[in-house]
K.L.:
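First the structure, then my questions, so here it is.
Within every chain, numbering begins at 1; the chains are lettered A, B, ... in the order of the sequence lines, protein sequences first and strands thereafter.
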2 protein chains.
Amino acid sequence: MKRNTWQREAVTTELNAINGFVSAQALFARMRDAGSTISLATVYRALTDLVGEKAADSLLSPEGENLYRACASDGHHHHLICRSCGATAEINAEPVESWAQQVAAAHGFTQAQHVVDVFGLCADCSLT
Amino acid sequence: MKRNTWQREAVTTELNAINGFVSAQALFARMRDAGSTISLATVYRALTDLVGEKAADSLLSPEGENLYRACASDGHHHHLICRSCGATAEINAEPVESWAQQVAAAHGFTQAQHVVDVFGLCADCSLT
DNA sequence: AGACTTATTGCGAACGGTTGTCAATAAGCC
DNA sequence: GGCTTATTGACAACCGTTCGCAATAAGTCT
């Protein structure tokens, strides 16, 4: 039986309050700073659950950290991520979907998954 | 001044002998099994150097491990990687290149980079 | 060849992110 | 209010990777 705890809700809320991807550690730090007494392990567990329920996205940053984000539109989609401020835009990757399938099939690969993310500097951060 | 040691050569050789991406740990294990007395740290250092000299590719697997591969064709390219045996094929991602640029530009992003890799099961491994 | 300089090695300890252990706590059901 | 058991928190354990440092050896100079 799944139980509702204030900890899980706190994680969900905090994640929703953030526009963009955050690391588990960063999320934990924010909550602690805001006065929460939640533990780091619980943040990890909550995030893992959220991803499992498809209520959050996760991706692996180039530094090897797991980043999480509240998942607005559900289903399969990709991201455009600002390297500087972390802001994200969900992008229509339809062309890439079919391309990935084709390319995999052409080489005899099955069960193709793909990692497609575009990192850059958003309009605001580009002004610097 | 850069010096040539048998350790570096051994790493280069071993990497060239492998068709596909390997983790530093796996490479180290293979060398040890083959009788080498090289140390793990040295393998890491050698691999890092190789990547720096663009003599090897590296990418981050979904599990958060760094994978390395001798770099045949130089320049920008992407990979189709077998989740089971690690075999790879370099793929022509031309359509994706331009798509990434467009999508970034459309959102006002500059200095766009992209992470595009397709993981799947190769023909052989699909037979299981 | 022999001496010398200093890049490189190997070892083990340290690190950062993440997961596991386990007793204590508390959510949901009676 | 009790009872059951999912969940929490604190901390140890892990895993891949990097760092510190003394010992080793590559390239240079003579």
K.L.:
Does A:Glu14 have any side-chain hydrogen bond (donor to acceptor under 3.5 Å, both in side chains) partners at least two apart in sequence or in another chain, and if so, which?
P.N.:
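With sequence neighbours excluded, A:Glu14 shows a side-chain hydrogen bond (donor to acceptor under 3.5 Å, both in side chains) to A:Arg30, given in chain and number order.
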
K.L.:
Which part of the nucleic acid, if any, lies within contact of B:Gln7, taking any heavy atom under 4.0 Å across all strands shown: a base, the sugar-phosphate backbone alone, or nothing?
P.N.:
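It contacts sugar-phosphate atoms only.
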
K.L.:
Could you state the CD-P distance from A:Glu65 to C:dT19, rounded to the nearest angstrom?
P.N.:
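Result: 12 Å.
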
K.L.:
Return the value, rounded to whole Å, for the distance between atom CG of B:Asp49 and atom C1' of C:dA7.
P.N.:
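After rounding, the gap between these two atoms is 11 Å.
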
K.L.:
Mind checking what makes side-chain contact (heavy atoms from CB on, under 4.5 Å) contact with B:Val96, not counting sequence neighbours?
P.N.:
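side-chain contact (heavy atoms from CB on, under 4.5 Å) list for B:Val96, sorted by chain: A:Trp99, B:Ala93, B:Trp99, B:Val116.
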
K.L.:
Check whether any side-chain N or O of B:Asn66 sits under 4.0 Å from OP1 or OP2 of D:dT17, and answer yes or no.
P.N.:
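For B:Asn66, the contact criterion (side-chain N or O under 4.0 Å from OP1 or OP2 of D:dT17) is met.
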
K.L.:
List for me each residue that meets side-chain contact (heavy atoms from CB on, under 4.5 Å) alongside A:Glu94, sequence neighbours excluded, and say none if there are none.
P.N.:
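Per chain and number, A:Glu94 pairs via side-chain contact (heavy atoms from CB on, under 4.5 Å) with A:Asn92, A:Glu97, A:Ser98.
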
K.L.:
Who else is in B:Leu60's hydrophobic cluster (ILVMFWY, side-chain heavy atoms under 4.5 Å, direct or via others)?
P.N.:
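Reading the cluster by chain and number, B:Leu60 sits alongside A:Leu60.
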
K.L.:
Tell me which pairs pass side chain to side chain donor-acceptor pair (under 3.5 Å) where either residue lies in residues 100-110 of chain A, with sequence neighbours left out.
P.N.:
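Applying side chain to side chain donor-acceptor pair (under 3.5 Å) to every pair that reaches into residues 100-110 of chain A, excluding sequence neighbours, yields A:Thr110-B:Ser126.
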
K.L.:
Whole Å only: how far is the CD atom of A:Gln25 from the P atom of C:dT19?
P.N.:
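So the two atoms are 11 Å apart, to the nearest Å.
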
K.L.:
Just call it for B:Leu40: base, sugar-phosphate, or nothing, with non-hydrogen atoms closer than 4.0 Å on any strand.
P.N.:
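Base, at least one base atom sits under 4.0 Å.
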
K.L.:
I need the CZ-P distance between B:Phe28 and C:dG10, as an integer number of Å.
P.N.:
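My rounded result for the distance is 9 Å.
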
K.L.:
Five pairs per end, C1' atoms only: what is the angle between the end axes of the helix from C:dA1-D:dT30 to C:dC30-D:dG1, to 10 degrees?
P.N.:
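End-to-end axis angle for the helix from C:dA1-D:dT30 to C:dC30-D:dG1: 30°, rounded to 10°.
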
K.L.:
Who passes side-chain contact (heavy atoms from CB on, under 4.5 Å) against B:Ala29, sequence neighbours left out?
P.N.:
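Once residues adjacent in sequence are excluded, B:Ala29 has no partner under the side-chain contact (heavy atoms from CB on, under 4.5 Å) criterion.
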
K.L.:
For A:Thr42 and D:dG9, is the shortest distance between a side-chain N/O and OP1 or OP2 below 4.0 Å?
P.N.:
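True: A:Thr42 side-chain N/O within range (under 4.0 Å) of D:dG9 OP1/OP2.
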
K.L.:
Send over the distance from A:Leu47 CG to D:dT8 P, rounded to a whole Å.
P.N.:
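Value for this atom pair: 12 Å.
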
K.L.:
Who pairs with A:Arg32 by side-chain contact (heavy atoms from CB on, under 4.5 Å), at least two apart in sequence or on another chain?
P.N.:
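Listed in chain order: A:Phe28.
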
K.L.:
Under the rule for side-chain hydrogen bond (donor to acceptor under 3.5 Å, both in side chains), what residues qualify as partners of B:Arg3, not counting sequence neighbours?
P.N.:
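side-chain hydrogen bond (donor to acceptor under 3.5 Å, both in side chains) check on B:Arg3 returns nothing, list empty.
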
K.L.:
Please table the atom pairs, donor to acceptor, closer than 3.5 Å between any side-chain atom in residues 45-53 of chain A and protein atoms at least two apart or in another chain.
P.N.:
residue, atom, partner, partner atom, Å
A:Thr48, OG1, A:Tyr44, O, 2.7
A:Asp49, OD2, A:Arg8, NH1, 2.8

K.L.:
Does any part of the side chain of A:Tyr68, heavy atoms only, come nearer than 4.5 Å to the side chain of A:Leu27, both counted from C-beta?
P.N.:
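Heavy-atom side-chain distance check fails, nothing below 4.5 Å.
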
K.L.:
If you only use heavy atoms from C-beta on, which nucleotide in D:dA10, D:dT17, C:dC11 is closest to the side chain of B:Ser39?
P.N.:
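The answer is C:dC11.
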
K.L.:
Between A:Asn16 and A:Ala70, what is the shortest heavy-atom contact and its length?
P.N.:
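Heavy-atom minimum between the residues: OD1-CB, 3.1 Å.
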
K.L.:
Check each residue of residues 8-16 of chain A for a non-hydrogen atom within less than 4.0 Å of any atom in DNA chain D, then write out the ones that pass by number, or none.
P.N.:
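Those residues are A:Arg8.
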
K.L.:
Grab the CG-C1' distance between A:Leu67 and C:dG17 for me, whole Å please.
P.N.:
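For the pair A:Leu67 CG and C:dG17 C1', the rounded distance is 12 Å.
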
K.L.:
Tell me, for nucleotides 19-30 of chain D in 5' to 3' order, what letter each nucleotide earns: B for a base near a protein heavy atom under 4.0 Å, S for only sugar-phosphate near one, - for neither?
P.N.:
BB----BBS---

K.L.:
How is B:Thr37 classified with respect to the nucleic acid when contacts are heavy atoms under 4.0 Å: base, sugar-phosphate, or nothing?
P.N.:
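Answer is sugar-phosphate: B:Thr37 comes under 4.0 Å of backbone atoms only.
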
K.L.:
To the nearest Å, give me how far apart CG (B:Leu60) and C1' (D:dT17) are.
P.N.:
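For the pair B:Leu60 CG and D:dT17 C1', the rounded distance is 12 Å.
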
K.L.:
Taking only the side-chain nitrogens and oxygens of A:Tyr44, find out if one of them lies under 4.0 Å from OP1 or OP2 of C:dT18.
P.N.:
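So the side chain of A:Tyr44 is within the cut-off, an N or O lying under 4.0 Å from OP1 or OP2 of C:dT18.
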
K.L.:
So which heavy atom on B:Leu15 is nearest to which on B:Arg69, and how close?
P.N.:
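That closest heavy-atom pairing would be CD2-C, 4.0 Å.
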
